[in-house]
A.B. asks: 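This is the structure, below, for whatever I ask next.
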Amino acid sequence: MLQVPFIRENKELVIERLAKRNIDATQMINDVISFDEDRRRIQTELDNTLAESNSLSKEIGNLFKSGEAQKANLLKERTVQLKETSKELAEALNNKSNELNELLYKIPNVPNKLVPSGNSDLDNEEIFKEGEIPVLHENALPHWELAKKYDIIDFELGNKITGAGFPVYKGKGARLQRALIAYFLDKNTAAGYTEYQLPLLVNEASGFGTGQLPDKEGQMYHVTEDNLYLIPTAEVPGTNIFRDVVLNESELPIGITGYTPCFRREAGSYGAHVRGLNRLHQFDKVEILRVEHPSKSYEALDGMVNHVKTILKELELPYRILRLCGGDLGFTSALTYDFELFSTAQDRWLEISSVSNFETFQANRLKLRFKNSDGKNELAHTLNGSSLALPRVLAGILENYQTKDGIVIPKALQAYTGFNIID
RNA sequence: GGAGAAAUGGCAGAGUGGUCGAAUGCGGCAGUCUUGAAAACUGUUGAGGGUCACACCUCCGGGGGUUCGAAUCCCUCUUUCUCCGCCA
């Protein structure tokens with residue numbers, strides 16, 4: 001969530017930048033400012049009431065001690081009144097604060113100045129492209145056909161066991177999955193990220209911390225019995241490591257990486273584009289996550305983009321990088337780069353990584369701060385990205401590396417798979 | 001799942017109705033001494049709201065209650081520890 005003082009001091013800029021997301025935030029921003037004024041006014045009133053009550057209580061104590069019970073009892077009457085007043089004010093304050101917070105939860109992050117205006121993914125800006133698009137043999141197949149042909153992924157079986165979107169990987173397919181996970185983790189740790197194994201279920205507070213709650217609970221599987229949520233991404237448990245944390249400036253930057261399965265309900269997304277591995281309810285992902293000093297976060301974002309690039313280059317896959325436009329930018333992000341892999345057999349680009357700088361948007365909700373050189377607590381910047389999401393990378397490998405003799409394993413992966421062809 | 005104990009500042013740990021945002025120790029920061037460091041000594045050191053700055057207010061696991069007044073008493077929830085049961 002945005003910080004109220006920031007909104008107050010940069011009202012015009014905030015409205016102007018939010019317009020990149022095609023929203024007119026004027027009303028909301030004005031409301032935030034006026035709710036906050038109300039809140040502070042009530043707070044002051046309450047504080048004064050409590051201050052009087054506190055000093056009277058002290059006086060009463062002293063009077064009792066010096067044996068002036070009658071005087072004390074007189075004062076008691078006044079405190080009863082004050083108690084009544086403060087109760088009312090406390091309730092009003094609570095209501096106003098809730099009203100303000102609910103509004104703040106609805107306002108997305110302020111886009112960075114680099115974010116292009118636009119309505120949809122069509123307006124995203126391509127900023128980089130690399131890798132050769134292979135020329136496939138005549139009877140090239142999409143990955144779901146390949147999966148069947150070589151018996152490495154069984155969608156029907158997943159259907160039987162659980163339902164659509166829960167594929168079963170077998171034999172070399174399963175081994176390839178494990179190889180990719182190990183390979184990604186090795187690349188990330190070599191780049192300085194510390195490996196974590198994180199819980200796959202999180203509590204409500206964590207859901208709030210990263211912004212899945214209160215608005216997007218429909219996207220997560222909810223275990224109502226214990227009020228826990230299955231994670232939609234390692235970002236949730238990973239970022240919540242830092243909830244209510246005050247770091248020393250010298251501890252920055254922090255980089256962590258972790259492999260987790262991800263669970264997404266994906267309510268309402270059906271159709272041709274969700275075939276095979278393109279969109280799943282359960283999928284594997286290796287995530288990278290950074291906590292940065294505000295002055296260094298954009299440098300770090302570039303660093304993350306470069307890191308993901310080196311992996312795709314090593315896998316020799318054709319990809320491009322997009323700078324997301326305002327209309328396509330995630331709620332919590334200030335600037336996002338998407339990586340898309342070209343699926344030759346499907347003749348379309350598949351999103352395989354999304355690298356974002358959230359600036360203080362997450363940190364504000366998380367209360368993730370560091371002690372700056374003035375000794376003051378200051379919100380840190382958080383960033384994260386996939387490095388990488390498995391299913392579509394797998395789809396890309398299957399499709400782009402298919403030959404008449406089978407699917408060739410990229411060189412960089414062969415040490416991990418222990419075989420160099422799926423046939 | 002059953003029984004018992006506990007939850008206090010970065011950490012350890014005192015405090016059982018007003019003099020407590022909280023002793024003391026460790027740690028952190030600044031200084032004295034030192035060529036430098038260590039040791040020793042001195043000072044300083046929680047967070048949030050509010051203010052130009054002060055004042056002032058809130059916070060002793062969360063929520064509620066008793067009281068003029070709660071870290072302290074009561075209720076409730078959560079978590080941790082110990083023992084028993086079950087178990088990869």
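Numbers restart at 1 for each chain; the letters A, B, ... are given by sequence-line order, proteins then strands.
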A.B. asks: For nucleotides B/A71 and B/U32, find the distance between their C1' atoms and express it as a whole number of Å.
C.D. replies: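 These two C1' atoms come out 38 Å apart once rounded.
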A.B. asks: Write down the partner of B/C54 under the Watson-Crick or G-U wobble criteria, each distance required to be under 3.5 Å.
C.D. replies: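 Its partner: none found.
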A.B. asks: Given the P atoms of B/G17 and B/C33, what is the spacing between them in whole Å?
C.D. replies: 49 Å
A.B. asks: Let me know the distance between CZ of A/Arg39 and C1' of B/U58, rounded to the nearest Å.
C.D. replies: 12 Å
A.B. asks: Output the rounded distance in Å from NZ (A/Lys371) to P (B/U44).
C.D. replies: 17 Å
A.B. asks: Looking at B/G48, I'd like to know if its phosphate oxygens (OP1 or OP2) sit under 4.0 Å from a side-chain N or O belonging to A/Arg369.
C.D. replies: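 For B/G48, OP1 or OP2 has a side-chain N or O of A/Arg369 closer than 4.0 Å.
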A.B. asks: Rounded to whole Å, please give me the gap between NZ in A/Lys367 and C1' in B/G46.
C.D. replies: 15 Å
A.B. asks: Pick the P atom in B/A5 and in B/A12, then give their distance to the nearest Å.
C.D. replies: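 The same atom, P, in both gives a distance of 22 Å.
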A.B. asks: Go ahead and name the base partner of B/C60; Watson-Crick or wobble counts if both distances stay under 3.5 Å, otherwise write none.
C.D. replies: none
A.B. asks: What interatomic distance, in whole Å, is found between C1' of B/A88 and the corresponding atom of B/A22?
C.D. replies: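 Roughly 46 Å separates the two C1' atoms.
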A.B. asks: Is there a side-chain polar atom (N or O) of A/Lys58 under 4.0 Å from OP1 or OP2 of B/G17?
C.D. replies: no
A.B. asks: Taking CG from A/Leu228 and P from B/U78, how many angstroms apart are they, rounded to a whole number?
C.D. replies: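 Interatomic distance, CG of A/Leu228 to P of B/U78: 13 Å.
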A.B. asks: How are the rings of A/Tyr229 and A/His222 set relative to one another: parallel (under 30°), tilted (30 to 60°) or perpendicular (over 60°)?
C.D. replies: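 It falls in the parallel class, under 30°.
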A.B. asks: Between atom CG in A/Asn62 and atom C1' in B/C68, what is the gap in whole Å?
C.D. replies: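 Distance check: A/Asn62 CG to B/C68 C1' gives 12 Å.
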A.B. asks: Considering only side-chain heavy atoms of A/Gln43, which listed nucleotide, B/C56, B/G49, B/C68, is closest?
C.D. replies: B/G49
A.B. asks: Need the pair for B/G85. Rule: Watson-Crick or G-U wobble, both distances under 3.5 Å, any strand; none if unpaired.
C.D. replies: none
A.B. asks: Would you please classify the geometry between the A/Phe361 ring and the A/Phe331 ring as parallel, tilted or perpendicular, with 30° and 60° separating the classes?
C.D. replies: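 Answer is perpendicular, since the angle exceeds 60°.
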A.B. asks: Enumerate, atom names and distances included, each donor-acceptor pair closer than 3.5 Å involving a side-chain atom of residues 379-392 of chain A, sequence neighbours excluded.
C.D. replies:
residue: A/His381; atom: ND1; partner: A/Ser297; partner atom: OG; Å: 2.8
residue: A/Thr382; atom: OG1; partner: A/Gln362; partner atom: OE1; Å: 2.7
residue: A/Asn384; atom: ND2; partner: A/Glu235; partner atom: OE1; Å: 3.2
residue: A/Ser386; atom: OG; partner: A/Ser354; partner atom: N; Å: 3.3
residue: A/Ser387; atom: OG; partner: A/Asn188; partner atom: OD1; Å: 2.8
residue: A/Arg392; atom: NE; partner: A/Asn278; partner atom: O; Å: 2.8
residue: A/Arg392; atom: NH1; partner: A/Glu351; partner atom: O; Å: 2.7
residue: A/Arg392; atom: NH2; partner: A/Asn278; partner atom: O; Å: 2.8

A.B. asks: Look at the side chain of A/Asp47 and decide which nucleotide, out of B/G50, B/C68, B/C57, has an atom nearest to it.
C.D. replies: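 It is B/C57.
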A.B. asks: Does A/Asp36 or A/Lys87 map to a spot on RNA chain B nearer the 5' end, using the closest nucleotide for each?
C.D. replies: A/Asp36
A.B. asks: Would you call the rings of A/Tyr105 and A/Phe208 parallel, tilted or perpendicular if under 30° counts as parallel and over 60° as perpendicular?
C.D. replies: tilted
A.B. asks: Both A/Leu56 and A/Gly61 contact RNA chain B. Taking the nearest nucleotide for each, which residue is further toward the 5' end?
C.D. replies: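 Closer to the 5' end of RNA chain B: A/Gly61.
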A.B. asks: Using the C1' atom as the reference point in each nucleotide, state the distance between B/G21 and B/A14 in Å, no decimals.
C.D. replies: 15 Å
A.B. asks: Suppose we define a pair by two distances each less than 3.5 Å, Watson-Crick or G-U wobble; what does B/A71 pair with here?
C.D. replies: none
A.B. asks: When you compare the side chains of A/Arg40 and A/Gln43, does any donor N or O come within less than 3.5 Å of an acceptor on the partner?
C.D. replies: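 Checked: A/Arg40/A/Gln43 side chains show no N/O donor-acceptor pair below 3.5 Å.
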A.B. asks: Counting the atoms with a prime plus P, OP1 and OP2 as sugar-phosphate, which does A/Thr79 contact under 4.0 Å by heavy atoms, base, sugar-phosphate, or nothing?
C.D. replies: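 Sugar-phosphate contact only.
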A.B. asks: Strictly under 6.0 Å, is that where the ring centroids of A/Phe370 and A/His293 end up?
C.D. replies: yes
A.B. asks: Between B/U45 and B/G25, how many Å separate the two P atoms, rounded to a whole number?
C.D. replies: 15 Å
A.B. asks: With rounding to the closest Å, how many angstrom separate the P atoms on B/U66 and B/U72?
C.D. replies: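 These two P atoms come out 15 Å apart once rounded.
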A.B. asks: Name the closest nucleotide to the A/Phe64 side chain, picking from B/U67, B/C57, B/G18.
C.D. replies: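 The nucleotide sitting nearest to the side chain is B/G18.
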A.B. asks: Using whole Å, report how far CG of A/Asn54 lies from P of B/A55.
C.D. replies: 15 Å
A.B. asks: For B/U44 and B/U24, measure between their P atoms and round to the nearest Å.
C.D. replies: 11 Å
A.B. asks: For B/A7, give its Watson-Crick or G-U wobble partner with both distances under 3.5 Å, or none.
C.D. replies: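 In the structure as shown, B/A7 has B/U78 as its Watson-Crick or wobble partner.
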A.B. asks: I'd like to know if A/Asn248 reaches the base of B/G28 with its side chain such that a donor and an acceptor end up less than 3.5 angstrom apart.
C.D. replies: no
A.B. asks: Please state how far atom CG in A/Asp244 lies from atom P in B/G61, giving the value in whole angstrom units.
C.D. replies: 15 Å
A.B. asks: Does B/A12 have a Watson-Crick or wobble partner in any strand here, with both distances under 3.5 angstrom, and which is it?
C.D. replies: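 By the stated definition (distances under 3.5 Å), B/U24 pairs with B/A12.
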A.B. asks: Is B/A39 paired to anything, Watson-Crick or G-U wobble with both distances less than 3.5 Å, and if yes, which nucleotide?
C.D. replies: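 When the pairing criteria are applied, nothing turns out to pair with B/A39, so the answer is none.
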A.B. asks: So, A/Glu84 and A/Lys87, do they make that salt bridge, N to O below 4.0 Å?
C.D. replies: no
A.B. asks: Counting just side-chain N and O atoms, does A/Asn377 come under 4.0 Å of either OP1 or OP2 of B/A47?
C.D. replies: yes
A.B. asks: Would you mind reading off the distance between A/Leu50 atom CG and B/A70 atom C1', rounded to a whole angstrom?
C.D. replies: 15 Å
